[in-house]
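Just so you know, ligand 1 is whichever comes first in the structure, and atom 1 is the first atom listed for that ligand. Along the sequence shown, residues are numbered consecutively beginning with 1.
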Amino acid sequence: MNTKLTLAIQKSGRLNQGTIELLNLCGIKISNGSNHLKALAEGFPLEVLLLRDDDIPQYVADGVADIGILGFNEVFEKGKDIAIIRQLGFSRCRLSIAVPRNVDYTGRQWLNGKRIATSYPEILKKFLNENGMNADIHPISGSVEITPGIGMADAIFEIVSSGGTLLSNNLKEVDVILKSEAVLVSNKSLESTKKELLNKLEFRIEAVQKAQRNKYILLNAPNNKLNDIIKLIPGMKSPTVLPLAIDGWCSLHSVVTEDDFWDVIGSLKAAGAEGILVVPIEKMVI
Ligand code: ATP
Ligand code: MG
C-alpha cells in the first residue's frame, strides 16, 4: 500500500495563501475544486484536510492528521501535545495588550484587577501568572477590538499586524507579549514510513527557505582585485570565476545571504567590483 501523509491546513483565512504558496514552491499542487474537507495533492504523496485553524492542533494530536500548518499563536493557545517541526516565515503577527488611547499605561502592573477581553485566554492566563498578576479575563471569539469602546473591557489582548484595526477603534498597542508566524507541526508518534515522508517534505521546505534567504550574485572584476573580492563573497564552496572577452578582467558568480546583502554590495564596490547583478534563487541544496 502506498503510504501518504495527511496534512491539515487552514481552509480559508490568513494562513491559507502562504501555505498554498509554500507547497507550490515545494512542487506540490493542491486541487480543491469544490468546497470539500479533503483535497488531493500532486507532486507528493499527500492528502490534505482543509480545516479551521482552531481545530488543527486537535486533529494532529489525535493522529487524524499527521502534520499541520498553522500559526504558532494557535498552537500555544491550544496547548496540545504535538511537535513543532519548523518555523515557516509567513503569517507573521504579534499578540499584544492594547488599551484605549487616552489611558496612561504605566507598565504591566496596570493590568492588575482590570477586565481584559481576548480570543487567547490561555496565553493571557499564562502571561498573567508568570508576572504574578490577576485580571478578569473575558474570552471572546471575534471583534475583540470593539469591547473597550462599549464598556465591556478595560484592555484587550489580541493579534496585531499593522495596527490599523486598533487605530480605528481608538486603541493603542502598549505591550507585545508573543510573536508568531506559521509553523509546521507533527503528531508525536508517526510510524517510520510517514516519518520518512516528513523528512522528504522538510528537505524540500529547507531548499525553498534557503533559496529565499540567499541571492545569486554576478559581477565583473579586474584580475588584480580578484583575491580581495573572493574573500567578500565566498559562496557555497567558492565563487565561479570566468574570463571576460577583454584582457585583465573576469566575471565572478557567487551566493550571498539576504541578511548581509547591502553590506557586502558596499564592500564589493569599494574593492573594485563593477556591473553587479543580483538575481533570485528558486531552490538551494547544499
Ligand atoms: P479560522 O476560520 O480558520 O478559524 P481565523 O479567523 O481564526 O480562521 P485568521 O484571521 O484567518 O484566523 O488568522 C489565522 C492565523 O493567521 C492567526 O492565528 C495568526 O497566526 C495569523 N494572523 C492573523 N492575523 C494576521 C495578520 N493580520 N497578519 C498576519 N498574520 C495574521
Ligand atoms: Mg480560528
Side-chain angles (χ1 to χ4, degrees), residues 6-25 30 32 34-39 47-62 64-80 82-99 116-127 137-148 153 155-186 205 208-209 212:
T6 305
L7 164 69
I9 65 172
Q10 189 190 29
K11 187 185 182 99
S12 64
R14 289 193 164 103
L15 288 156
N16 183 267
Q17 193 190 349
T19 304
I20 301 289
E21 268 171 28
L22 174 67
L23 293 173
N24 281 345
L25 286 168
I30 291 176
N32 178 35
S34 49
N35 227 8
H36 287 135
L37 168 72
K38 273 188 191 178
E47 186 171 65
V48 180
L49 299 181
L50 300 150
L51 304 171
R52 287 200 58 188
D53 66 347
D54 313 55
D55 295 332
I56 295 175
Q58 186 70 58
Y59 272 67
V60 173
D62 290 348
V64 179
D66 302 309
I67 55 173
I69 293 177
L70 75 163
F72 173 69
N73 54 314
E74 208 57 49
V75 179
F76 195 22
E77 174 66 22
K78 291 294 185 286
K80 301 288 174 198
I82 55 180
I84 293 179
I85 303 292
R86 67 164 56 228
Q87 301 185 327
L88 299 175
F90 59 89
S91 294
R92 285 184 203 275
C93 58
R94 51 194 191 270
L95 286 183
S96 294
I97 299 281
V99 297
I116 311 173
T118 183
S119 41
Y120 294 92
E122 293 306 320
I123 300 177
L124 179 58
K125 216 179 283 173
K126 198 158 178 285
F127 162 74
I137 300 175
H138 290 243
I140 306 261
S141 59
S143 304
V144 174
E145 290 85 357
I146 65 165
T147 57
I156 66 164
F157 173 59
E158 213 28 47
I159 288 183
V160 180
S161 63
S162 69
T165 315
L166 294 184
L167 206 65
S168 58
N169 284 285
N170 259 322
L171 299 172
K172 61 179 177 187
E173 182 180 13
V174 289
D175 214 337
V176 178
I177 308 302
L178 180 82
K179 293 208 167 137
S180 177
E181 65 184 85
V183 290
L184 176 67
V185 296
S186 156
I205 295 174
V208 169
Q209 289 185 331
Q212 286 169 342

D54 atom (N/O/S) at minimal separation from the Mg ion (ligand 2): OD1
Has the side chain of S91 got a donor or acceptor atom that lies under 3.5 Å from a matching backbone atom of R14? yes
Under 4.0 Å from a heavy atom of D54: which atoms of ligand 1 are those, numbered in the order shown and with their elements? 4 (O), 7 (O)
Candidate pair V60 and K80, rule side-chain contact (heavy atoms from CB on, under 4.5 Å), full reasoning: CA-CA 9 Å; V60 173; K80 301 288 174 198; over 6 Å; no
If you look at D53, which of its N/O/S atoms is nearest to the Mg ion (ligand 2)? OD1
Pick, from L15, I56, V183, the option with the minimum heavy-atom distance to atom 15 (C) of ligand 1. L15
Atoms of ligand 1, numbered as shown, that sit under 4.0 Å from any heavy atom of Y120: 18 (O)
Looking only at protein heavy atoms, what sits closest to atom 2 (O) of ligand 1 is R52 NE, 3.4 Å
Which residue holds the protein heavy atom closest to atom 29 (C) of ligand 1, what is that atom called, and what is the gap in Å? R92 O, 3.2 Å
Can you pull out the closest protein heavy atom to atom 27 (N) of ligand 1? Residue, atom name and distance to 0.1 Å, please. S161 OG, 2.7 Å
Measuring from atom 21 (C) of ligand 1, which candidate in C93, G164, G71, S119 has the nearest non-hydrogen atom? C93
Would you mind listing which atoms of ligand 1 come within a distance below 4.0 Å of any non-hydrogen atom of G13? 11 (O)
Under a plain distance cut-off of 3.5 Å, with no hydrogens placed, do S96 and E173 share a side-chain donor-acceptor pair? yes
Tell me: protein heavy atom nearest atom 20 (O) of ligand 1, and distance? N73 OD1, 2.7 Å
Distance to 0.1 Å, residue and atom name: give those for the protein heavy atom nearest to atom 8 (O) of ligand 1. Q10 NE2, 2.9 Å
Taking the side chain as every heavy atom from C-beta outward, state whether V64 and T6 have any atom pair closer than 4.5 Å. no
To the nearest 0.5 angstrom, please state how far the CD1 atom of I159 sits from the OH atom of Y120. 3.5 Å
Answer yes or no: is there a donor N or O on one side and an acceptor on the other, between the side chain of D53 and the main chain of Q10, under 3.5 Å? no
Shortest protein heavy-atom distance from atom 11 (O) of ligand 1, along with the residue and atom involved: R14 N, 2.7 Å
Is E122 salt-bridged to K126, cutoff N-O under 4.0 Å? no
Taking the side chain as everything from C-beta on, heavy atoms only, tell me whether F76 gets closer than 4.5 Å to I84. no
Write out the residue and atom name of the closest protein heavy atom to atom 14 (C) of ligand 1, then the distance separating them to 0.1 Å. D53 OD2, 3.4 Å
I85 side chain reached by V183 side chain, heavy atoms, under 4.5 Å: no
Any side-chain to backbone donor/acceptor pair from Q209 onto Q87? Under 3.5 Å, distance only. yes
How does K11 reach ligand 1, by side chain, by backbone, by both or by neither, if only non-hydrogen atoms under 4.0 Å count? neither
